[in-house]
Visitor: 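Please find one structure pasted underneath; my questions will follow.
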Amino acid sequence: MSVHKVKIGVIGAGSISDMHLQAYEKQKDVELVAICDLNEQRANEKARQYGIGQVYTDYTELLANPEIEAVSICTWNNTHAEIGIAALRAGKHVLVEKPLCRTVEEAHRIEEAVKASGKLLQVGFVRRYDANAQLVKRFIDKGELGEVYYAKASCIRRLGNPGGWFADTERSGGGPLIDIGVHVIDLCWYMMGRPKPVSVSGNVYHKLGNRANVQNLSFYKAADYDAGFNTVEDMANALIRFENGASLLVDVSFTLHAKKDEITVKLYGDKGGAELEPEVVFVTEAHDTILNVAPQTDSKSINVPNAFCNEINHFVSCCQSGDQPISPVEDGLNMMKMLCGIYESAAKGQEIRL
Ligand SMILES: NC(=O)c1ccc[n+]([C@@H]2O[C@H](COP(=O)([O-])OP(=O)(O)OC[C@H]3O[C@@H](n4cnc5c(N)ncnc54)[C@H](O)[C@@H]3O)[C@@H](O)[C@H]2O)c1
């Protein structure tokens, strides 16, 4: 059976848009129709690079184009709710970058717009789409780890505040917790079977600033990098409790006096354990012996471009079939409850019931 080509518009032509554009470009079932950015020059450059015919600086004009069926939203976090809701109302399917938005209230409004529109919304929890993540999920779903009752995640940058809007709480919603914590918290939560979060206890620290003085180390930067402005936390940690008794411990930083950058994602069940980062491995027991079992895969940790390709392929296939994505709006909403609960807990200095 032949399937139709999905006509795509990309809103936001900054750093991460390349991952979307490259993945769409490889997809034979896609036609990249339009691109939009407030910064016209940036949008024009991307249009030239990827052979895109239509360039907009106002996303409402892009959305008014009836030819476009689906959009990727790759803009600042403070625009995700506004643009996402407008896109759904204009009858477009939506792939929105993480985090879904900045607040629980915004997340509820997006969820209502999804329901009212009948269109699909996929949250860009890209780590779920990595081949190793899908492999570990298959093992967990088959019961290999038994009941997963504890998870531990860490994403420590010793120097890596991307600056620009990332460093502006008003536009980002927060610092490393909402920017990179969202990835590792989501991955653990997805692997644990998405249990209902019931309480969080968190701390955030504003101790080191963005350390723009440091030389000789490079890091990811927003398209409009500005070292002179920073209102977000340097680091955060949290304990999340779930209704089924499971718990998740996490710590993340944009900067910390740590010896090196570190990313760990670890899951512990009553029959076995698994680690996704820094290297994929299973831990089990057989014949009174503990075994570390290393699955043989192309990449020991996440392959970012491949994970984006899988995410985009999944989005396109859901647009064609009408199937629900594996990272639906409900998961984005639950994630906002956890993240905002952690910020609230840190501000009040006490545990928060969700
Ligand atoms: N999945 C991942 O691993 C990953 C990695 C980096 C960033 N992100 C997410 O992607 C999004 C963008 O991040 P980035 O690093 O590309 O930032 P960026 O600053 O490099 O690019 C954002 C672009 O959005 C444009 N923009 C902002 N508001 C707009 C509007 N109303 N209309 C049109 N254009 C608008 C800006 O001009 C800018 O060019 C953020 O939500 C971020 O959290 C995800």
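We count ligands from 1, going down the list as the structure has it; atoms in each ligand are counted the same way. Starting from 1, each residue takes its place in the sequence as its number. In what follows, every heavy atom counts, from backbone to side chain, and hydrogens, waters and symmetry copies are set aside. As the structure is a prediction and not an experimental result, all values here were calculated from the model.
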Visitor: Please tell me if the side chains of Val94 and Leu120 come closer than 4.5 Å, counting only heavy atoms from C-beta onward.
Guide: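 Answer no - side chains too far apart.
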
Visitor: Among Tyr225, Tyr220, Tyr56, Phe125, whose heavy atom sits nearest atom 15 (O) of ligand 1?
Guide: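 Of the listed residues, Tyr220 has the closest heavy atom.
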
Visitor: Nearest protein heavy-atom contact for atom 13 (O) of ligand 1: which residue, which atom, what distance?
Guide: Trp165 CZ2, 3.5 Å

Visitor: Got Phe282 and Leu135 here, is their nearest side-chain heavy-atom distance under 4.5 Å?
Guide: yes

Visitor: Treating Lys207 as the side-chain partner and Asp234 as the backbone partner, does any N or O pair qualify as donor plus acceptor under 3.5 Å?
Guide: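 No, Lys207 side chain to Asp234 backbone: no donor-acceptor pair under 3.5 Å.
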
Visitor: Among all protein heavy atoms in this structure, tell me which lies nearest to atom 16 (O) of ligand 1, with the distance rounded to 0.1 Å.
Guide: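 In this structure, atom 16 (O) of ligand 1 has Ile16 N, 2.9 Å as its nearest protein heavy atom.
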
Visitor: Would you check the N or O atoms of Ser15, main chain and side chain alike, for any that come under 3.5 Å of an N or O of ligand 1?
Guide: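 It does: an N or O of Ser15 is found under 3.5 Å from an N or O of ligand 1.
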
Visitor: Counting neighbours of CZ on Arg171 that are heavy atoms of other residues, nucleotides or ligands and sit closer than 6.0 Å, is the number greater than 12?
Guide: yes

Visitor: Between Glu277 and Lys266, is there a salt bridge with N-O shorter than 4.0 Å?
Guide: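 No salt bridge links Lys266 with Glu277.
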
Visitor: Tell me, which protein residue and heavy-atom name are nearest atom 44 (C) of ligand 1, and how many Å apart are they?
Guide: Glu97 OE1, 3.1 Å

Visitor: Is the charged tip of Lys137 near the ring of Phe139: under 6.0 Å from the six-membered ring centre and within 45° of its axis?
Guide: no

Visitor: Should the proximity of Cys74 to ligand 1, defined as any heavy atom under 4.0 Å, be assigned to the side chain, the backbone, both, or neither?
Guide: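 Backbone only.
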
Visitor: Parallel, tilted or perpendicular: which describes the rings of Phe308 and His20, with under 30° parallel and over 60° perpendicular?
Guide: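 Tilted, since the angle between the ring planes falls between 30° and 60°.
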
Visitor: Taking only Lys NZ, Arg NE, NH1 and NH2, and the carboxylate oxygens of Asp or Glu, determine whether Arg42 and Asp224 approach each other closer than 4.0 Å.
Guide: yes

Visitor: Is there any N or O on Asn77 that sits under 3.5 Å from an N or O of ligand 1?
Guide: yes

Visitor: Ligand 1 versus Phe308, non-hydrogen atoms closer than 4.0 Å: side chain, backbone, both, neither?
Guide: side chain

Visitor: Under 4.0 Å from ligand 1, counting heavy atoms only, is it the side chain of Thr75, its backbone, both or neither?
Guide: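 The answer is both, backbone and side chain.
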
Visitor: In ligand 1, which numbered atoms sit nearer than 4.0 Å to a non-hydrogen atom of His183?
Guide: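 Those of ligand 1 that fall under 4.0 Å from His183 are 1 (N), 2 (C), 3 (O).
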
Visitor: As an exercise, state the distance from CD of Gln134 to CG of Asp130, rounded to the nearest 0.5 Å.
Guide: 9.0 Å

Visitor: Counting both backbone and side chain atoms, is some N or O of His80 under 3.5 Å from an N or O of ligand 1?
Guide: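 Yes; the residue has a nitrogen or oxygen that sits under 3.5 Å from a nitrogen or oxygen of the ligand.
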
Visitor: Got an N/O contact under 3.5 Å between Ala223 and ligand 1?
Guide: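 Yes, Ala223 has an N/O under 3.5 Å of an N/O on ligand 1.
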
Visitor: Could you walk me through whether His314 and Tyr129 pass ring pair (Phe, Tyr, Trp, His ring centres under 6.0 Å), step by step?
Guide: CA-CA 9 Å; His314 183 68; Tyr129 295 90; 5.4 Å; yes

Visitor: Can you find an N or O of Arg42 that's nearer than 3.5 Å to an N or O of ligand 1?
Guide: yes

Visitor: Considering only heavy atoms, does Lys98 approach ligand 1 within less than 4.0 Å through its side chain, its backbone, both, or neither?
Guide: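 The answer is both, backbone and side chain.
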
Visitor: Does the side chain of Ile240 come within less than 4.5 Å of Trp189's, by heavy atoms?
Guide: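 No - every pair of side-chain heavy atoms lies 4.5 Å or more apart.
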
Visitor: Starting from atom 21 (O) of ligand 1, which protein heavy atom do you reach first, and at what distance in Å?
Guide: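 Among all protein heavy atoms, the one nearest atom 21 (O) of ligand 1 is Gly14 CA, 3.2 Å.
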
Visitor: Tell me: protein heavy atom nearest atom 33 (C) of ligand 1, and distance?
Guide: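 Here the closest protein heavy atom is Leu38 N, 3.5 Å.
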
Visitor: Considering both backbone and side-chain atoms of Asp37, is one of its nitrogen or oxygen atoms within less than 3.5 Å of a nitrogen or oxygen in ligand 1?
Guide: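 Min N/O separation from ligand 1 is below 3.5 Å for Asp37.
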
